[in-house]
2 protein chains.
Amino acid sequence: MPERNMTTPPTMEDVALAAGVSHQTVSRVLNNHPHVSERTKKSVIAAIDKLGYRRNASARSLATRSSRIIGAVIVELGQYGPSNTLLGLQQAALEDDYIVNVVGLTSPGSTAVRESLDHLLGHPLDGIIVVAPVDSALDTLKDLKLPVPLVIIASGSTQEPNTVSVDQSLGARLAVRHLIKEGHETIAHLSGPPDWIDARQRRDGWARELAALQSAPGQLLEGDWSSESGYQRGLEIDVSSTSAIFVANDQMALGLMRALHERGLNVPGDISVVGFDDQPESSYFYPPLTTVRQDFHGLGRLSLDLLVSKIEGQEFTGSTLVAPALVIRDSTGPRPQK
Amino acid sequence: MPERNMTTPPTMEDVALAAGVSHQTVSRVLNNHPHVSERTKKSVIAAIDKLGYRRNASARSLATRSSRIIGAVIVELGQYGPSNTLLGLQQAALEDDYIVNVVGLTSPGSTAVRESLDHLLGHPLDGIIVVAPVDSALDTLKDLKLPVPLVIIASGSTQEPNTVSVDQSLGARLAVRHLIKEGHETIAHLSGPPDWIDARQRRDGWARELAALQSAPGQLLEGDWSSESGYQRGLEIDVSSTSAIFVANDQMALGLMRALHERGLNVPGDISVVGFDDQPESSYFYPPLTTVRQDFHGLGRLSLDLLVSKIEGQEFTGSTLVAPALVIRDSTGPRPQK
DNA sequence: ATCAAGATTGTGAGCGCTAACAATGATTTC
DNA sequence: GAAATCATTGTTAGCGCTCACAATCTTGAT
């Protein structure tokens, strides 16, 4: 006959009883405290195994005032970049023995961010990471008083405190520089929505690099990140004066290239295309896409490292700006001679 | 001068003091209990606002034995399908006032699953959802005694209890049926790794539908889900006897089509291709890909609904099998006349 | 043998909340 | 006007853990 009521999981007291020690000794074993004799440690562990005991995390968290849970608000969680940022963040968290509570947002607006923070804060958390890709979200966060440390993943090159980001502007400049080197003179840009910080950063990088290289700015088109919008712009774009296009992400580049094909244009024979992101599929586009690789995984890790250092009250040394890299494939080539 | 030590957040007692009531009355207000007068309710709320009070989730969870947190183990979190499953799951969770604790796995093996469950169980959880795409993971879960309800997302058409899935076999049959209808006679299949349950289900669906339609089975090739492997198989495949290929996912189909292009073959002029998944990019592939759409989002929601009904001890009525749908685009066409 | 120092264990309180019960006051009913 | 009823509030006891402290038991040096 069972010694205890089995409707509820065993407690530390049950283990103590089974091992013939006090609950505190069980706690010491579990927390690897010094000054516990081998003999009692063994018997405690045996009792734990026998009862299938696990510490009650809520009780622990109440007593220690720490849950080892961090919250993450991820915009566009279903997309390649965000999901891989989350993955990197989560893996780094596991290494530090934290676990990640995630809220995905489909709209990046201010209210949505505020609401998800509210949801998150209804649960035990040691810190929060928020992806703030648009201005309104970023502004919301700036004047928000949170009871736990916060790290922002903002896609800018600004060195704000508590913020990590990929250097979008640098990525754009790398892309433009490459095209110039290939002899292109008029380089168009298909940008993302201008309220997205990274869209602006890429556009500005494009414009600035052109200016720096004494090259006249090309056409500026605007999409909404989707392949569909890339396709539409691809149907519209005036190719008479343009020999290269820098596109703000790979998905739009895909749509754009399909439109160009349909117009009977050859990439890169007639027109060169550079993307941004480097999704795994991009190297199998037709043609394989020259693009700017963002290390989303690394960005996620970085955000977590920064957050953990804040939680644990340490100084964070290290850059909070991740450098992207140009990946040259077959969608770019020398400027065609007309 | 402050009335209380500000190093620690205000407690229910602090609010009670400020509102001139007992802590229990504060609790009543917070939990919407009946029999609280409007007057005191107002003053309590005022005190809450003034102090910026939030309930301590750990204490609450300890007292109620419920955290309203559910754990999710997601394999290949960085991919389109899994990340959208997570998104659906998470959104449904929010509606039921749960929050999702996620662990992403890059390898789907048995040990990895066991380890992540262990991590998860070190935290307060009301239930767990696990993606078990390979046999070893599924087997591990079957004989595992967990302290909380479990729902498995397994990619089979098996009607196991506590399991939700997309009907992979049906999807494959839809694809094959379409190709047959277009007049194709020898239909090859590029499958995923055979230890993945959905890879096998798709392969079996392909074989069975061919058999059902009295058609001879075509070549069977094997990839690893990656575009690269699709590309390689595309370079190798014998096209003399094959006019259509059913590919087990869109990424491989992308690689395959690029290889076919490089071999000077036209899709669908010379050869038809059907994919599986329907990623957003697929309709902008060159050519737009005919494929089988899986409702990952819906799958995630379903898994959560099932889990919540188990947590709350209700009967779950409703199917646990999600039907996929064929999306016809331009990569398939009538069998070419030789 | 004796005592201090260290190792090992136990005791009590408290983390902040909810649940059960008790107590009070207001209102109704005969 | 007394008893019964109901609405409203307070009191007490946990939930299962960790922390600070106290108690005991070893040692080895004197």
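Numbers restart at 1 for each chain; the letters A, B, ... are given by sequence-line order, proteins then strands.
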Donor-acceptor contacts, no H, no angles, side chain residues 145-152 of chain B, under 3.5 Å, sequence neighbours left out:
none

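- No side-chain donor-acceptor contact under 3.5 Å links S136(B) and S110(B).
- We find that CE of M12(B) is positioned 11 Å from P of dA19(C), with the value rounded to whole Å.
- The ring of F296(A) has its center closer than 6.0 angstrom to the ring center of Y80(A).
- Sorted by residue number, the members of residues 58-65 of chain B with any non-hydrogen atom under 4.0 Å from DNA chain D read L62(B), A63(B), R65(B).
- Straight-line distance from the NE2 atom of H33(A) to the C1' atom of dT18(D): 8 Å, rounded to whole Å.
- Donor-acceptor pairing under 3.5 Å is recorded for the side chains of N31(B) and R55(B).
- Regarding N31(B), its CG atom lies at a distance of 7 Å from the P atom of dA19(C), rounded to whole Å.
- Residues L86(B) and L86(A) are in side-chain contact: their nearest non-hydrogen atoms beyond the backbone lie under 4.5 Å apart.
- In this structure D139(A) satisfies the side-chain hydrogen bond (donor to acceptor under 3.5 Å, both in side chains) test with no other residue, sequence neighbours excluded.
- In summary, D126(A) and R68(A) do not engage in a salt bridge, as defined by a charged side-chain N under 4.0 Å from a carboxylate O.
- For R28(A), there are no side-chain hydrogen bond (donor to acceptor under 3.5 Å, both in side chains) partners two or more places apart in sequence or in a different chain.
- A salt bridge is absent between R301(A) and D96(A); no separation between the charged side-chain nitrogens and carboxylate oxygens falls under 4.0 Å.
- Rounded to whole Å, the distance from CG on L30(B) to C1' on dA19(C) is 15 Å.
- If you measure from atom CG of L17(B) to atom P of dG16(C), you get 14 Å, rounded to the nearest angstrom.
- With no hydrogens or angles considered, a side-chain donor-acceptor pair links S37(A) and T40(A) at under 3.5 Å.
- For the OP1/OP2 pair of dT18(C) and a distance below 4.0 Å, the side-chain nitrogens and oxygens of S27(B) include at least one atom meeting the criterion.
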Under 4.0 Å protein heavy-atom contact, by nucleotide of nucleotides 6-13 of chain C - B base, S sugar-phosphate only
-SBBBBB-

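- One end of the helix from dA1(C)-dT30(D) to dC30(C)-dG1(D) points its axis 50° away from the other end's axis, with each axis taken from 5 pairs and the angle rounded to 10°.
- Between dG16(D) and R54(A), no contact under 4.0 Å exists linking OP1 or OP2 to a side-chain N or O.
- Judged by distance alone, the side chains of S61(A) and S67(A) never bring a donor and an acceptor atom under 3.5 Å apart.
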